[in-house]
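Comments concern the structure below.
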Number of protein chains: 2
Amino acid sequence: MTQSNRSLTLRDVSEASGVSEMTVSRVLRNRGDVSAATREKVLTAAKELGYVPNKIAGALASQRVNLVAVIIPSLSNMVFPEVLAGVSQVLEDTELQPVVGVTDYLPEKEEKVLYEMLSWRPSGVIIAGLEHTEAARAMMNASGIPVVEIMDADGEAVDAMVGISHRRAGRVMAASILEAGYKKIAFLGTKMPLDHRARKRFEGFTETLAKSGVEVTEREFYSGGSALAKGREMTKAVLDRSPDIDFIYYSNDMIGAGGLLYLMEKGIDVPGQIGLAGFNGVELLQGLPRQLATMDACRREIGVKAAEIIASRVQGEDTDNSVTLTPKISFGDTLRRQ
Amino acid sequence: MTQSNRSLTLRDVSEASGVSEMTVSRVLRNRGDVSAATREKVLTAAKELGYVPNKIAGALASQRVNLVAVIIPSLSNMVFPEVLAGVSQVLEDTELQPVVGVTDYLPEKEEKVLYEMLSWRPSGVIIAGLEHTEAARAMMNASGIPVVEIMDADGEAVDAMVGISHRRAGRVMAASILEAGYKKIAFLGTKMPLDHRARKRFEGFTETLAKSGVEVTEREFYSGGSALAKGREMTKAVLDRSPDIDFIYYSNDMIGAGGLLYLMEKGIDVPGQIGLAGFNGVELLQGLPRQLATMDACRREIGVKAAEIIASRVQGEDTDNSVTLTPKISFGDTLRRQ
DNA sequence: GTGAAAGCGCTAACAA
DNA sequence: TTGTTAGCGCTTTCAC
């Protein structure tokens, strides 16, 4: 309980226990053979002193850092924490530890965060998306460690990738909507030119519509604020402008839920008069009066697979370096089926 | 773009630029006077090589690590990410960087995470709650760095603390409920014996009720699953058992929202026949058809204050070491006022 | 304005 | 089973 300025070193434990620094180090790391008696002495001394090893020195000496950099755009929607949960679950069974960095969807910030993290010489990198600055790409290339790009499968990876095709997700949803006979379709999303995955979904979506000669009738984008509230407002705005809309595709489930609540309040027949769909498959929505049609983004699974790749590579094993998962569509109660 | 095994060192940059390692180091850290010409040479060489400094070596040599350990129970509800946002915002203007660890509300895991983080010799610690294992407390004491315990103000801090009194929050809510004339009161919460803050709210709540001779009629606890769905289910269960309940106090806004949606569907008069209140003031809820009564937990502000304390202390300045914030109650549309 | 020497606290490799 | 030696890649300090 004595508060000192300098923190304790191996030497202190060595002196307190009468065992060489090297042997103390061995005990503390469970490395090599140490007699039970010595081990006991060391452990007691370390505990008594309240010794906490200095990983900085350890890492420098051993040239090994058991950290995995996980770089994601945001923590403030449920999607990335769920990826993280998958990553943690897998790494828990290894020596590795995830360290999270957040980019706020800004490429320059991503570059900065990546630089910071690489300067700690982690054992691997898991990073969201396939779009990065030239410099970021170069750093990942030069790092010499395994790099897994996640969440997206439409593009080229620097090293390895695990994700879904958002373009395909957009196409599949468009096909289901057309098949159900909807014709006047609106798209509501976030005002995020840098959310490449939302953009790709939108591209796939319009592409499939176009093949049937259908165009998106209305679009609306928001930024900031409560997604639920924004979904509500935007839905109202769009329907006020174009009352003949018969389907709304939302770029995420949260704004979709807002729209759904709004339409229910208005007494509008969903999915009869208007159909709805979102994206993500967030568990949260399960408490809503009706289930929104959506597509699962396989978030947890992506985290799991990515972490497995890193873990194998760190062991020196070879792995797949490109895993594409296929999201399931769920029709819920807001997308009628023929 | 050449992928090598060994990563680059100062020496490499030194050789490439024909400038001593020491001067290269100075340029890269903007320390001391270096002529513009030399600076230029070094920067060019460093960029060309794709050199990323090794912070491990730097930290060991300088005995300084610009990391702040932030230890929280969970990322999967909106509350902690918002604290984090506050922390990040403040640290962004400093040399310091937050590093997040998650404990899942488990004391042993907290102890482990703390140990891991301290072994990287961070410049400060921000940790949720005032309840920790004996060992954790000892480590924080011995660390010799600023430690700020956050979110709670009911108890003793190891070093500094920033939070609200959850006991008081419970009392205030109870008083408002009694004042509004509600009598048959239920409590629905998480089955989390280790969520001390929820426990303290409940204690404050029952304490104030007791003073007016009122007892909590029904309690129900859940774990896992979608909070919205659970709120719905529990509300139904409780009302089926005790149809004369006239108020439900939820331990968080999410289950409260589930309850609210359920009651609205049932056509029950809220807040006339049954009143509702939650806790947290989550922005998400702003899209609901009616506003749930709640109390703001001052999450972002707590993060801001805590980070400010760390930042000041790292500068060697003195600061308050105990900040108690006062949450505002918002009555919304689910708690009638006289 | 620039460089040389010493050492941060640990671990790899070897010796005893 | 235990100890000794020599760095890991940087920064501090001091000399020039």
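Note that the structure is a prediction, hence the values are computed from the model and not measured.
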| Mind checking which nucleotides bracket the chain B contacts on DNA chain C, 5' to 3', with an atom under 4.0 Å from a heavy atom? | C:dG1 to C:dG9
| With a 4.5 Å heavy-atom cut-off, do A:V162 and A:V148 have their side chains touching? | yes
| request: For B:R64, report the nucleic acid contact type (base, sugar-phosphate, nothing); a contact means any heavy atom under 4.0 Å. | output: sugar-phosphate
| query | Where along residues 37-55 of chain A does a heavy atom fall under 4.0 Å from DNA chain C? | reply | A:Y51, A:N54
| Would you say the side-chain atoms of B:D12 pair up with the backbone N or O of B:T9, donor to acceptor, closer than 3.5 Å? | yes
| request: Please determine which of B:I71, B:V113, B:L75 meets the side-chain contact (heavy atoms from CB on, under 4.5 Å) test together with B:V102. | output: B:L75
| query | What residues, two or more places apart in sequence or in another chain, satisfy side chain to side chain contact (heavy atoms under 4.5 Å, CB included) together with B:N66? | reply | B:E95, B:L96
| request: Given side-chain hydrogen bond (donor to acceptor under 3.5 Å, both in side chains), test B:R121 with A:S7 step by step and report yes or no. | output: CA-CA 9 Å; B:R121 300 293 188 268; A:S7 57; 3.1 Å; yes
| message | Under the rule for side-chain hydrogen bond (donor to acceptor under 3.5 Å, both in side chains), what residues qualify as partners of A:D104, not counting sequence neighbours? | response | A:K109
| message | By the side-chain hydrogen bond (donor to acceptor under 3.5 Å, both in side chains) test, which pairs, at least two apart or in different chains, include something from residues 73-93 of chain B? | response | B:S74-B:S76, B:E82-B:R299, B:Q89-B:R300
| message | Show every side-chain hydrogen bond (donor to acceptor under 3.5 Å, both in side chains) that has at least one partner inside residues 17-28 of chain A, sequence neighbours left out. | response | A:R11-A:E21, A:S20-A:T23, A:S25-A:R29
| remark: residues 301-315 of chain B vs salt bridge (charged side-chain N to carboxylate O under 4.0 Å, His left out), sequence neighbours excluded, gives B:D159-B:R313, B:K305-B:E308
| said: Tell me whether A:S14 contacts the main-chain N or O of A:V19 through its side chain, where contact means a donor paired with an acceptor under 3.5 Å. | reply: yes
| field | A:S322 backbone acceptor or donor facing A:D320 side chain under 3.5 Å | value | no
| message | Can you give me the first and the last nucleotide of DNA chain D (5' to 3') that has an atom within less than 4.0 angstrom of a non-hydrogen atom in chain B? | response | D:dG9 to D:dT12
| task | Within residues 12-34 of chain A, find the residues that approach DNA chain C with a heavy atom at under 4.0 Å, and present them sorted by residue number. | result | A:M22, A:S25, A:R29
| said: If the helix axis at each end comes from five base pairs, how far does the helix from C:dG1-D:dC16 to C:dA16-D:dT1 deviate from straight, to 10°? | reply: 30°
Counting only pairs under 3.5 Å, give me each side-chain donor-acceptor contact of residues 51-61 of chain B, with atom names and distances, residues two or more places apart or in other chains.
{"from": "B:N54", "atom 1": "OD1", "to": "B:I56", "atom 2": "N", "distance (Å)": "2.8"}
{"from": "B:N54", "atom 1": "OD1", "to": "B:A57", "atom 2": "N", "distance (Å)": "3.2"}
{"from": "B:K55", "atom 1": "NZ", "to": "A:E116", "atom 2": "OE1", "distance (Å)": "2.7"}

| query | Where the side chain of A:T319 meets the backbone of A:N321, is there a donor-acceptor pair that is under 3.5 Å apart? | reply | no
| query | Does any non-hydrogen side-chain atom of B:F80 lie less than 4.5 Å from one of B:I150? | reply | no
List the atom pairs, donor and acceptor, that lie under 3.5 Å between side-chain atoms in residues 126-133 of chain A and the rest of the protein, sequence neighbours left out.
{"from": "A:E131", "atom 1": "OE2", "to": "A:K200", "atom 2": "NZ", "distance (Å)": "2.9"}
{"from": "A:H132", "atom 1": "ND1", "to": "A:E110", "atom 2": "OE1", "distance (Å)": "2.7"}
{"from": "A:H132", "atom 1": "ND1", "to": "A:E110", "atom 2": "OE2", "distance (Å)": "3.4"}
{"from": "A:H132", "atom 1": "NE2", "to": "A:G129", "atom 2": "O", "distance (Å)": "3.0"}
{"from": "A:H132", "atom 1": "NE2", "to": "A:E149", "atom 2": "OE1", "distance (Å)": "2.8"}
{"from": "A:T133", "atom 1": "OG1", "to": "A:E111", "atom 2": "OE1", "distance (Å)": "2.8"}
{"from": "A:T133", "atom 1": "OG1", "to": "A:A136", "atom 2": "N", "distance (Å)": "3.0"}

